[in-house]
Amino acid sequence: MFKKSILLILILVLNGNSFSQNKSSTNNSHLVCKYNVEFLKDTLNVESKGNEIMVLQIGDQVSLYKSQQKRSFDSLRHLAFNKSLAELKTTGSMVVDFSKIPTVKLVHEVYKNNQELQIFDRIGKDQFVYSPNHKINWKIGESKKRIGDYECAEATGVYNNRIYTAWFTTEIPIAEGPYTFKDLPGLVLEVYDSEKYFLITLLSIQNLAEVIQPIDRFIKTNYTDFIKKRKQVDENPAAEAQKLLNTPLTKEMRDRIVENRKKKNNYLN
């Protein structure tokens, strides 16, 4: 029954119409997909596993891939700020309480508008946006497997020097998927690299109308400069931390920051 409802929504979308009361809007979702992302923080340590729930909102011409925790973070941060602003008017002081705001492990977001992709990612306190350095040249194979209710086909491609395998279904004929793993003749339900440094698997698909709102404050750059900037921070993380904290660091603090940074070396880009 659920599968039939998804197909009905697809028919409406592919005919250029949206459902519910959002017929004229191209910035609202029709489908919302949730994925579980398993990843190694440190590629040299198989015990450094982490995971994050990511959400892919799909509309007529736009989509947004973003951490569920980050969605909660942004919402709670907004509420915390508004509450503190209200207190400022009555008490004359303003304290923003971030204690209940969840930790975000994967801060990147991917926004697609028509065929243009933008990757939002953070280095220290700075939010950057850039275009992917290349488009994945997918090769569709003959292997098939079922994922949940859907028959899926296999495709392989190279992205940033890693070989990825994607499983997509033409039963949902939308050229969408998590992160930049898109442009196949169906929705990508699962994707992983050859070393399983990243494993992304579909959790759910829902018919939901949500506002698709990408980040609106950022520093525009390109892929090469972004990687260069991140490498500089990787090589001297204590300097970045000191800039953020605006206070001198002890040798113990500097050593701990450097050691922790070494343990985070696995990036999708």
Participant: Quick one: salt bridge (Lys or Arg N to Asp or Glu O under 4.0 Å) partners of Asp234, sequence neighbours excluded?
Facilitator: Arg261
Participant: Glu259: which residues meet the side chain to side chain contact (heavy atoms under 4.5 Å, CB included) condition with it, sequence neighbours left out?
Facilitator: Lys262, Lys263
Participant: Can a salt bridge be assigned to the pair Lys229 and Asp121 using a cut-off of 4.0 Å between side-chain N and carboxylate O?
Facilitator: no
Participant: What residues, two or more places apart in sequence or in another chain, satisfy ring-ring contact (aromatic ring centres under 6.0 Å, His included) together with Phe218?
Facilitator: Phe120
Participant: By side chain to side chain contact (heavy atoms under 4.5 Å, CB included), which residues pair with Glu116, not counting sequence neighbours?
Facilitator: Gln118
Participant: Partners of Ile257 by side chain to side chain contact (heavy atoms under 4.5 Å, CB included), sequence neighbours excluded?
Facilitator: Pro237, Ala241, Leu249
Participant: Test your reading of the model: is there a side-chain donor-acceptor pair from Ser29 to the backbone of Glu210, 3.5 Å cut-off?
Facilitator: yes
Participant: For Val158, check side chain to side chain contact (heavy atoms under 4.5 Å, CB included) against everything at least two apart and list the hits.
Facilitator: Ile163
Participant: Taking ring-ring contact (aromatic ring centres under 6.0 Å, His included) as the definition, give me every residue that meets it alongside Tyr164, ordered by chain and number, with sequence neighbours left out.
Facilitator: Phe181
Participant: Would you please name every residue forming a salt bridge (Lys or Arg N to Asp or Glu O under 4.0 Å) with Arg256, sequence neighbours left out?
Facilitator: Glu252
Participant: Applying salt bridge (Lys or Arg N to Asp or Glu O under 4.0 Å), can you list everything that pairs with Lys251, at least two apart in sequence or on another chain?
Facilitator: Asp255
Participant: Could you go step by step and tell me if Thr43 and Asn265 meet the side-chain hydrogen bond (donor to acceptor under 3.5 Å, both in side chains) rule?
Facilitator: CA-CA 7 Å; Thr43 58; Asn265 56 40; 3.2 Å; yes
Participant: Quick check for you: to the nearest 0.5 Å, what is the distance between Leu187 atom CG and Glu171 atom CD?
Facilitator: 11.0 Å
Participant: Counting only heavy atoms not in Lys145 (residues, nucleotides, ligands), do more than 12 fall under 6.0 Å from its NZ?
Facilitator: yes
Participant: Return each pair, listed once, that meets side-chain hydrogen bond (donor to acceptor under 3.5 Å, both in side chains) where at least one residue sits in residues 32-41; pairs must be two or more places apart or across chains.
Facilitator: Asn36-Asn51
Participant: Got a sec, which pairs hit side-chain hydrogen bond (donor to acceptor under 3.5 Å, both in side chains) with one end in residues 128-139, sequence neighbours left out?
Facilitator: Tyr130-Asn269, Asn133-Asn160
Participant: For Asp225, give me all partners under salt bridge (Lys or Arg N to Asp or Glu O under 4.0 Å), at least two apart in sequence or on another chain.
Facilitator: none
